[in-house]
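Notes follow the structure.
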Amino acid sequence: MSVFSHPAYDNHEEVAFYHDAKSGLKAIIAVHNTNLGPALGGCRMWPYADDAEALNDVLRLSRGMTYKSAMSGLKLGGGKSVIIGDPRKQKTPELLHAMGDFLNTLGGRYITAEDSGTSVADMKIIGERSEFVSGVIAGQEHGGDPSPSTAYGVFVGLKAAAQHRWGREDLNGMKVSIQGVGNVGFRLAKLLKEAGAELFVTDIFQENIDRAVNELGATAVGADEIFDLDVDMFAPCALGAILNDKTIERLKVGAIAGAANNQLAEERHAQVLKERGILYTPDYVINAGGIIDVYYQQVGQAKGEYDAGQVKSHIETIATTMHEVFERAEESGETTAHIADRVAEERFGHEDALNNSDSAAA
Ligand code: NAD
């Protein structure tokens with residue numbers, strides 16, 4: 001298993017491996033870039049098939065966090081951690097405490113938060129050992145869970161996409177399909193319903209579908225049927241890699257705006273979408289509401305403060321960033337995904353962007 005020559009290595013500043021024999025903890029922390037501040041990113045616990053799969057995941061996710069935070073105007077770098085193990089069977093307080101010890105070895109260069117397989121409650125346990133934990137602010141309605149903020153950011157970004165694509169100021173009567181009505185997707189559906197949109201939803205859990213149908217009057221569709229619907233917009237809120245050679249040719253939508261990470265199976269699919277006239281809203285720009293929330297939790301933690309109004313205003317800047325990306329893509333003829341990467345690189349001072357005076361000045 002190579003590290004420095006790994007395809008996803010991309011100039012990571014630090015990759016740390018940790019093993020605690022007593023608790024069974026096996027974990028990796030990847031710090032991609034700290035030009036703008038300490039690296040903040042969630043801690044994922046997953047039964048990876050092997051160490052190589054865990055390394056690949058942590059490297060890809062940590063790089064993504066650098067781009068996401070830079071794009072959101074946060075004084076944060078990008079990092080991520082993974083715990084190798086089944087969260088339903090192997091997660092114990094001892095293991096989480098050992099994760100806290102691991103965090104301490106980086107002395108604050110990396111700050112963790114909840115992710116797939118870890119919860120607010122787990123972060124509280126890690127926080128008994130380490131101060132380098134966010135996403136656990138006390139006394140808040142959401143208890144530190146960033147999902148409501150992620151959903152609000154997606155809603156804001158989706159409205160910006162509708163405005164750019166159709167010159168629409170509201171979503172009244174717009175048909176929107178949502179893949180995955182879980183923590184983020186259901187909350188997004190609620191916001192869209194309130195804005196007058198017509199909803200089409202799918203999920204792999206019937207109870208999640210039933211909730212959207214019964215509470216929001218959504219129309220249920222099959223898991224595969226979601227790609228064939230004649231609707232205005234598609235909001236992927238479940239899995240990555242769902243925009244691929246098989247699905248894109250079936251889509252009849254005018255724009256895609258959703259929460260899922262890594263929606264494009266490969267970079268080239270951004271070009272395929274563009275050629276089909278589908279406006280793609282880059283995932284890490286539109287789903288940044290959560291990291292924005294976690295950032296304010298982190299900076300407010302020491303003072304015991306959390307200003308929900310400030311968080312909301314910051315999340316609303318996603319619309320401004322989206323418009324910048326859409327307009328630059330239109331002017332240059334490049335894809336929105338490519339432009340988003342360029343803007344982020346300019347912001348965090350990526351070598352390629354600094355060496356290119358045109359883009360650095362733009
Ligand atoms: P979640 O697990 O609560 O919801 C995902 C939903 O998708 C679940 O209801 C699940 O049953 C459904 N699903 C899974 N596979 C499906 C399939 N093939 N077809 C249809 N539905 C399927 O997760 P979440 O927190 O709502 O996150 C959704 C997505 O957004 C994920 O990709 C996540 O990485 C991303 N994201 C979440 C946040 C956050 O704050 N929670 C932040 C940024 C990005």
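Just follow the structure's listing: the first ligand is 1, and inside any ligand the first atom is 1. Starting from 1, each residue takes its place in the sequence as its number.
Looking at ligand 1, you won't find any N or O of Phe205 less than 3.5 Å from one of its N or O atoms. Polar contact with ligand 1: present for Thr150 (N/O pair, distance under 3.5 Å). At least one N or O atom of Asn183, backbone or side chain, sits closer than 3.5 Å to an N or O atom of ligand 1. Taking distance alone, with nitrogen or oxygen atoms compared against 3.5 Å, Ser147 approaches ligand 1 more closely than that limit.
Comparing heavy-atom distances from atom 29 (C) of ligand 1 across Cys237, Ser116, Gly258 singles out Cys237 as nearest. Looking at Val184, Asn208, Val294, it is Val184 that brings a heavy atom closest to atom 26 (O) of ligand 1. Taking all heavy atoms of Ala238, Gly64, Ala259 into account, the minimum distance to atom 31 (C) of ligand 1 is reached by Ala238.
Counting only heavy atoms of the protein, atom 8 (C) of ligand 1 lies nearest to Asp203 OD2, 3.6 Å. In terms of protein heavy-atom proximity, atom 43 (C) of ligand 1 is closest to Asn287 O, 3.7 Å. Atom 15 (N) of ligand 1 has Leu239 CD2, 3.4 Å as its closest protein atom, hydrogens excluded (heavy atom only). Of the protein's heavy atoms, Ile204 CG2, 3.7 Å lies nearest to atom 17 (C) of ligand 1. For atom 4 (O) of ligand 1, the nearest non-hydrogen atom of the protein is Gly182 CA, 3.4 Å. Protein heavy atom nearest atom 33 (C) of ligand 1, with residue, atom name and distance: Asn261 ND2, 4.1 Å.
A salt bridge between Asp10 and Arg60 is absent, with no side-chain N of the basic residue lying under 4.0 Å from a carboxylate O of the acidic one. Electrostatic pairing of Arg211 and Glu207 does not count as a salt bridge here, judged by no charged N lying under 4.0 Å from a carboxylate O. Lys22 and Asp20 are not joined by a salt bridge, as no carboxylate oxygen comes within less than 4.0 angstrom of a charged side-chain nitrogen. Using a cut-off of 4.0 Å between Lys/Arg side-chain N and Asp/Glu carboxylate O, Asp224 and Lys246 are scored as not salt-bridged. Between Glu324 and Arg328 there is a salt bridge, since a side-chain N of the basic residue sits under 4.0 Å from a carboxylate O of the acidic one.
The only member of Asn104, Asp101, Thr105 that meets side chain to side chain donor-acceptor pair (under 3.5 Å) when paired with Ser130 is Asn104. Tested against Tyr110, the residues Ser81, Pro38, Ser62 include a single side-chain contact (heavy atoms from CB on, under 4.5 Å) partner, Ser81.
Using a 4.0 Å heavy-atom cutoff, Gly290 is absent from the residues neighbouring ligand 1.
The contact set between ligand 1 and Gly180, taken as ligand atoms under 4.0 Å from a residue heavy atom, comprises 6 (C), 7 (O), 12 (C), 21 (N).
You'll find the ring centres of Tyr9 and Phe4 inside the 6.0 Å limit.
Under the 30°/60° scheme for interplanar angles, the aromatic rings of Tyr67 and Tyr284 are found to stand perpendicular.
Less than 4.0 angstrom separates atom 23 (O) of ligand 1 from none of the non-hydrogen atoms of the protein. Less than 4.0 angstrom separates atom 2 (O) of ligand 1 from none of the non-hydrogen atoms of the protein.
Side-chain atoms of Asn33 and Thr66 form no donor-acceptor pair, as typed in the model, at a separation below 3.5 Å.
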